Amino acid sequence: EAYTLANGDQTFTLGAVGQNVTTGSGDVTINAAGTLTGTLNGTSGGTVTLNLTGASVLTGATLTAIDAISLASSATATMTVAQNLTISTAAGSNTVTLSDSGSTDATGNANVAAYVLGDGDQTFTLGAAGQNVTTGSGTVTINASGTLVGTLNGTNSTTTLNITADSDIRGVTLTSIEAITLAAGVDITATRAIADLITTASGTNIVTLTDAGALTGKAQVETYVLAGGDQTFTLGAVGQNVTTGSGDVTINAAGTPVSY
């Protein structure tokens with residue numbers, strides 16, 4: 001049921017999912033896979049890494065002084081939000097399923113390709129611009145920035161994509177995302193379909209559109225830059241600014257526009 005390792009750098013592979021291990025000093029790697037239920041205790045005097053070699057569930061394991069969790073190529077893992085903070089490397093294409101919404105906000109590890117969130121109200125921050133996220137139930141905010149190219153799937157939740165810095169989001173795939181919010185002063189590049197999801201935009205924002213067609217501007221956005229092509233754009237506010245591209249463009253307006 002239990003092993004106590006000698007001092008020294010070494011690799012130990014669990015012989016059973018419920019096996020307990022206490023390390024000595026030195027750099028130790030513990031290889032494991034499956035639904036772990038034992039206690040892994042990394043004592044002082046070295047770095048202890050839990051290396052998951054295949055599909056694994058860590059929610060029933062007790063991890064004490066484990067410095068890092070690594071995922072072998074294409075390994076999947078179910079773990080708590082707290083355990084997710086310990087991920088250091090993930091090779092190939094990996095999926096991490098979080099079993100809880102956590103008492104603190106979760107941030108994806110940049111090396112993990114995809115996250116499946118637990119049920120519950122929560123905020124999740126992408127660890128990489130290409131990271132994929134599938135939510136559970138609850139009210140979920142996904143913080144992101146950069147050139148987004150992943151898939152964000154808000155399944156049974158009310159999901160908001162919050163853009164925290166200037167971003168190009170034309171390449172992201174959004175499924176069941178109810179709203180997009182822009183943090184203060186954030187500019188984005190987006191398709192019309194994505195831009196139409198904007199519900200709030202703080203400070204002064206510019207939205208650059210990548211395709212032409214009919215669209216009504218959002219009142220919270222100060223400036224739109226239109227793509228080239230024939231199109232109709234309707235001002236969302238009398239003070240909204242618009243710069244057109246090439247093509248025949250009709251700008252619909254009411255009230256007293258300031259500039260466009």
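Because the structure is predicted, anything quoted here is derived from the model rather than measured.
Between L5 and F12 the shortest heavy-atom distance is CD2-CD1, 3.7 Å. Across every non-hydrogen atom of T191 and R170, the tightest pair is CG2-O, 4.0 Å. Across all non-hydrogen atoms, the minimal contact from A190 to A195 is CB-N, 4.2 Å. The minimum heavy-atom distance linking T155 with G136 is given by the pair OG1-O, 3.9 Å. Listed here is the closest heavy atom pair of N94 and N111: OD1-O, 4.2 Å. Heavy-atom minimum distance, A75 versus G54: CB-O, 3.9 Å.
Counting only heavy atoms from C-beta outward, the side chains of T141 and D105 never approach each other to under 4.5 Å. Under the 4.5 Å side-chain criterion, counting only non-hydrogen atoms from C-beta, L152 is in contact with L126. With contacts defined as side-chain heavy-atom distances shorter than 4.5 Å, the pair V17/V57 does not qualify. V112 places a side-chain heavy atom less than 4.5 Å from the side chain of Q131. I194 places none of its side-chain heavy atoms less than 4.5 Å from the side chain of L161. Side-chain atoms of I188 and I198, non-hydrogen and from C-beta on, do get closer than 4.5 Å to each other.
With sequence neighbours excluded, the residues forming a salt bridge (Lys or Arg N to Asp or Glu O under 4.0 Å) with D196 are K218, listed by chain and number.
Using a distance-only test at 3.5 Å, with no hydrogens or angles considered, a donor-acceptor pair links the side chain of T23 to the main chain of T43. For the pair Q231 (side chain) and V249 (backbone), a donor-acceptor distance under 3.5 Å is absent. Distance alone, capped at 3.5 Å, is enough to place a donor-acceptor pair between the D119 side chain and the S137 backbone. In terms of modelled atom types and a separation under 3.5 Å, the side chain of D166 and the main chain of D187 share a donor-acceptor contact. Here the side chain of N143 pairs no donor or acceptor atom with the backbone of T125 at under 3.5 angstrom. Here the side chain of N109 pairs no donor or acceptor atom with the backbone of G127 at under 3.5 angstrom. A side-chain donor-acceptor contact under 3.5 Å links E178 to the backbone of T159. In this structure, the side chain of Q19 does not engage the main chain of G38 through any donor-acceptor pair within 3.5 Å.
Between Y115 and the options N84, T134, T95, N132, a side chain to side chain contact (heavy atoms under 4.5 Å, CB included) holds for only N84. Among N31, L36, L50, N20, the one residue that satisfies the side chain to side chain contact (heavy atoms under 4.5 Å, CB included) test with L14 is L36. For the side-chain hydrogen bond (donor to acceptor under 3.5 Å, both in side chains) test with N162, the passing option among T123, T200, T181 is T181; the others fail. If you run side chain to side chain contact (heavy atoms under 4.5 Å, CB included) between M79 and each of T97, L85, I87, only I87 comes through.
The stretch residues 55-77 participates, sequence neighbours left out, in these side-chain hydrogen bond (donor to acceptor under 3.5 Å, both in side chains) pairs: N51-S70.
The line from CD1 of I142 to CG of L117 is 6.5 Å long, rounded to the nearest 0.5 Å. Once rounded to the nearest 0.5 Å, the distance linking OG1 of T139 with CG of D121 reads 4.5 Å. Between the CD1 atom of I169 and the CD1 atom of I163 there is a distance of 4.5 Å, given to the nearest 0.5 Å.
Put simply, I180 and V149 are part of two different groups of oily side chains (I, L, V, M, F, W, Y) that touch within less than 4.5 Å, one to the next. Linking Ile, Leu, Val, Met, Phe, Trp and Tyr residues whenever their side-chain heavy atoms come within less than 4.5 Å places L197 and Y224 in a single cluster. Linking Ile, Leu, Val, Met, Phe, Trp and Tyr whenever their side-chain heavy atoms come within less than 4.5 Å leaves L209 and I206 in two separate clusters. In the hydrophobic clustering of this structure, V207 groups with V242; members are Ile, Leu, Val, Met, Phe, Trp, Tyr whose side-chain heavy atoms approach within less than 4.5 Å, directly or through other members.
In summary, the side chains of D168 and T189 do not present any donor paired with an acceptor at a separation below 3.5 Å, with no hydrogens or angles considered. Remark: the N7 side chain and the S25 side chain contain an N/O donor-acceptor pair separated by less than 3.5 Å.
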*asked:* Working note: L58 + T80, criterion side-chain contact (heavy atoms from CB on, under 4.5 Å); need CA distance, chi angles, decisive distance, verdict.
replied: CA-CA 8 Å; L58 303 186; T80 65; over 6 Å; no
